[in-house]
Amino acid sequence: MQKTIFIICDGLPDRPIAALGNKTPLEAAHTPNLDKLAVDGISGMMNLIGPGVRPGSDTAHLALFGYDPYVYYSGRGPFECLGIDMDIQPGDVCFRANVGTLDNGRLVDRRAGRIESTLPVVELLNGLEIDGVKFILKPGLSHRIGLIARGQGLSYKISDQDPHVVDVEGVNTVVALDDSPEAKFTAEVMNKFSQIAIDKLSQAQFNYERKAQGLVLANVVLFRGAGIFPTGLPTFTEKYHLKTAFVAGAPFYRGIAKFVGMDIISFSPDEGVTGLPDSNLENKLNKAIAVSQDYDLVFVHIKGADTLAEDGNYQGKVEFIEKIDRAIKPLAESQDFLVVLTADHTTSSKLKIHTADPVPLTIRGEGVRTDDLNNYSERECAKGRLGTIQGINLMPILVDLMGLAKLFGA
C-alpha cells in the first residue's frame with residue numbers, strides 16, 4: 001500500500017477574471033509541479049456538498065473526510081474551539097467569533113483591521129457570567145476568538161449575531177430557531193452577552209490606545225456557528241482503519257481534524273507555519289513527508305489562497321499559488337506516494353466569498369489510470385476521466401486505490 005498525502009488547498013479555484021485575460025488565478029499562475037501531477041494522474045471535478053450548494057470550510061472538510069455534513073454538522077463553533085485546545089464539556093454551546101469594529105453604531109469591519117491578537121478582548125470578557133451561564137473565551141489566530149457558553153438549559157439552535165457583511169447597522173439580534181425553551185433562553189442570554197461586550201469594549205483602555213495610534217477599534221465580538229459536539233461520531237480510524245495525521249497552520253482546521261480523531265502534527269514557532277499567506281509551505285510539506293513514515297494517510301491543509309481571494313487580491317492569489325507549486329515539487333518528482341490534490345471550495349476574488357463552483361481534483365500514484373490533461377486547472381480538470389463526483393465519494397475512491405476496499409457481494 002502506497003503512503004498517501006492528501007493536499008487541500010483552501011479556496012484555490014476561482015472564477016475567470018477580466019484583468020487576467022479571463023483566466024482564473026490558477027490558470028494564470030506558473031505551476032509546473034501542479035501540472036506534472038495532473039499529467040501523471042487522473043483528474044476530475046468535485047462538488048463538495050452538492051451542485052449549487054456553497055460549501056463552508058467546515059462542511060467541506062467533513063465531506064472530504066467522508067462524513068455526511070447533513071448528519072454530523074451542527075455548527076462551526078466546536079471546530080474553532082477544538083482547534084485552539086479549549087476544553088469542551090457536555091452541554092457546552094460553542095461559537096466561532098471575531099473581534100470587529102463598530103463606528104457610530106455601524107459595523108464597518110468584521111476583523112478589526114485584521115488585528116494581530118485578540119488577547120486584550122479575551123482578558124476583558126473571559127469568565128463573564130450572565131443568568132447562570134459562564135462565558136469562556138480564548139484567542140484564536142489573528143482576529144479570531146473561540147467562545148463557549150456553559151450552563152444549564154442551553155441549545156445550539158439559535159441564529160448568528162454576526163451579520164456576515166459590513167456597512168450595516170449594528171449586529172443581528174439572536175433568535176431561537178425552534179420553539180424550545182432552551183433555544184429561547186440561549187438567544188436571550190447571547191443577546192445580553194453581545195451588548196455587555198460592546199459596553200465593556202467601548203470603555204476599554206486598549207481601545208483608547210488604538211484610537212490614539214490611528215488604528216481601528218476592537219469594540220465588538222461577532223459570534224456565529226453555534227454548535228455542540230455530537231454523540232455517536234465514529235473516528236476516522238474506526239471508519240477507514242487508517243492511521244492518519246493532519247498537518248495545518250490554522251487552528252480551525254486542526255479543530256476539524258481533532259473532531260474526527262486524527263493525530264495533529266504541531267510546529268514550533270521558528271518553523272514559520274502560520275496558516276497565513278506568509279506561511280512557510282516548504283516546512284509544512286517536508287514535515288508531512290517526514291511523518292508519513294508513521295502514518296498511512298497524511299492530510300495537508302494550505303490556507304493562503306482563500307484569504308487573499310476573500311480580500312479581493314487576485315494577483316496575490318496568483319503569487320501564492322506559485323508558492324504552493326514550489327513547495328510541492330518533492331511530491332511531484334517522487335513516485336513514492338499516492339498524492340491527492342484538491343480544494344475545499346472555490347473562492348471568488350471578485351465576489352470575495354465562497355461559491356458553489358466545483359473544484360478541481362487530481363489523484364496520482366502507482367496503478368492510477370491516467371488521462372490526457374496538459375495542466376492542473378479548473379477548465380482542464382473538467383476534461384478528466386474521473387468526471388464530476390461528490391465530496392463524500394472521494395474517501396471511498398482513495399480506499400479502493402489503496403487496495404483496502406471491502407468487496408460488495410460474493
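Since this is a predicted model, take the numbers as computed values, not measurements. Only this structure's heavy atoms are used, side chains among them; waters, hydrogens and symmetry mates stay out.
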Test side chain to side chain contact (heavy atoms under 4.5 Å, CB included) on V339 and I363; report intermediate values, then the result. CA-CA 6 Å; V339 178; I363 305 171; over 6 Å; no
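- Between I302 and L285, the closest side-chain pair of non-hydrogen atoms falls below 4.5 Å.
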Carefully, step by step, assess M46 and L64 under the rule side chain to side chain contact (heavy atoms under 4.5 Å, CB included). CA-CA 10 Å; M46 179 167 55; L64 287 172; 3.6 Å; yes
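- A salt bridge between K134 and E129 is absent, with no side-chain N of the basic residue lying under 4.0 Å from a carboxylate O of the acidic one.
- At distances below 3.5 Å, not a single donor-acceptor pair connects side-chain atoms of S194 with backbone N or O atoms of N191.
- In this structure, F259 has its ring center under 6.0 Å from that of F229.
- Of the N and O atoms on the side chains of H354 and T346, not one donor lies less than 3.5 Å from an acceptor on the other residue.
- Of all heavy-atom pairs spanning A218 and F206, the tightest one is O-CE1, 3.9 Å.
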For the pair R224 and D160, evaluate salt bridge (Lys or Arg N to Asp or Glu O under 4.0 Å) and give the outcome as yes or no after the intermediate values. CA-CA 5 Å; R224 61 197 185 279; D160 291 348; 5.9 Å; no
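- The backbone N or O of A183 lies less than 3.5 Å from a partner atom in the side chain of S180, making a donor-acceptor pair.
- V221 and A97 make their closest contact through CG1-CB, 4.0 Å (heavy atoms, listed as atom of the first residue, atom of the second, distance).
- The only member of L338, L341, L37, L331 that meets side-chain contact (heavy atoms from CB on, under 4.5 Å) when paired with R364 is L37.
- Among residues two or more places apart in sequence or in another chain, the ring-ring contact (aromatic ring centres under 6.0 Å, His included) test is passed with F320 by none.
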Begin from the C-alpha positions of T186 and S155 and carry the test side chain to side chain donor-acceptor pair (under 3.5 Å) through to its verdict. CA-CA 6 Å; T186 307; S155 170; 5.3 Å; no
Please walk me through it: do Y314 and L20 pass side chain to side chain contact (heavy atoms under 4.5 Å, CB included)? CA-CA 9 Å; Y314 60 84; L20 296 177; 3.9 Å; yes
Return a table of donor-acceptor pairs under 3.5 angstrom between the side chains of residues 387-410 and protein atoms on other chains or two or more places apart.
from: Q390; atom 1: NE2; to: I49; atom 2: O; distance (Å): 3.1
from: N393; atom 1: OD1; to: Q390; atom 2: N; distance (Å): 3.4

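- The cationic group of K239 lies under 6.0 Å from the six-membered ring centre of Y67 and within 45° of the ring axis, placing it in a cation-pi geometry.
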Give the C-alpha distance, both sets of side-chain angles, the deciding distance and a yes or no for salt bridge (Lys or Arg N to Asp or Glu O under 4.0 Å) between D85 and K258. CA-CA 10 Å; D85 299 319; K258 288 175 70 174; 2.6 Å; yes
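- The existence of a salt bridge linking D336 and K3 is excluded, since no basic side-chain nitrogen approaches an acidic carboxylate oxygen closer than 4.0 Å.
- Between the side chains of T307 and E310, no donor N or O sits under 3.5 Å from an acceptor N or O.
- A salt bridge is absent between K243 and D294; no separation between the charged side-chain nitrogens and carboxylate oxygens falls under 4.0 Å.
- Atom-to-atom distance recorded for K138:NZ and M86:CE is 7.0 Å, nearest 0.5 angstrom.
- The closest side-chain donor-acceptor pair between N33 and D325 falls under 3.5 angstrom.
- No hydrogens or angles considered: a donor-acceptor pair under 3.5 Å links the side chains of Q195 and D199.
- Residues T355 and S348 have side chains that never bring a donor and an acceptor to within less than 3.5 angstrom of each other.
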What side-chain donor-acceptor pairs closer than 3.5 Å can you find for residues 143-151, not counting sequence neighbours?
from: R150; atom 1: NE; to: D92; atom 2: OD1; distance (Å): 3.0
from: R150; atom 1: NE; to: D92; atom 2: OD2; distance (Å): 3.2
from: R150; atom 1: NH2; to: D87; atom 2: O; distance (Å): 2.9
from: R150; atom 1: NH2; to: D92; atom 2: OD2; distance (Å): 2.8

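- Classification of K287 and E271 as a salt-bridged pair holds, one side-chain N sitting under 4.0 Å from a carboxylate O.
- Note that CG of L137 is 9.0 Å distant from SG of C81, once rounded to the nearest 0.5 Å.
- For the pair D344 (side chain) and S57 (backbone), a donor-acceptor distance under 3.5 Å is absent.
- For D357 and H345, the side-chain atoms include no donor-acceptor pair closer than 3.5 Å.
- Aromatic ring pairs are classed by plane angle as parallel below 30°, tilted from 30° to 60° and perpendicular above 60°; the pair H61 and Y253 is tilted.
- Aromatic ring orientation, F246 versus F299: tilted (interplanar angle from 30° to 60°).
- With respect to D14 and K317, a salt bridge is recorded, a charged nitrogen being found less than 4.0 Å from a carboxylate O.
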Under the side chain to side chain contact (heavy atoms under 4.5 Å, CB included) criterion, do T24 and R15 qualify, and how do the steps go? CA-CA 5 Å; T24 69; R15 291 178 173 178; 5.7 Å; no
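- A donor-acceptor contact shorter than 3.5 Å links the side chain of D35 to the backbone of Y376.
- Side-chain atoms of D162 come within 3.5 Å of backbone atoms of H164 as a donor-acceptor pair (strictly under, hydrogens ignored).
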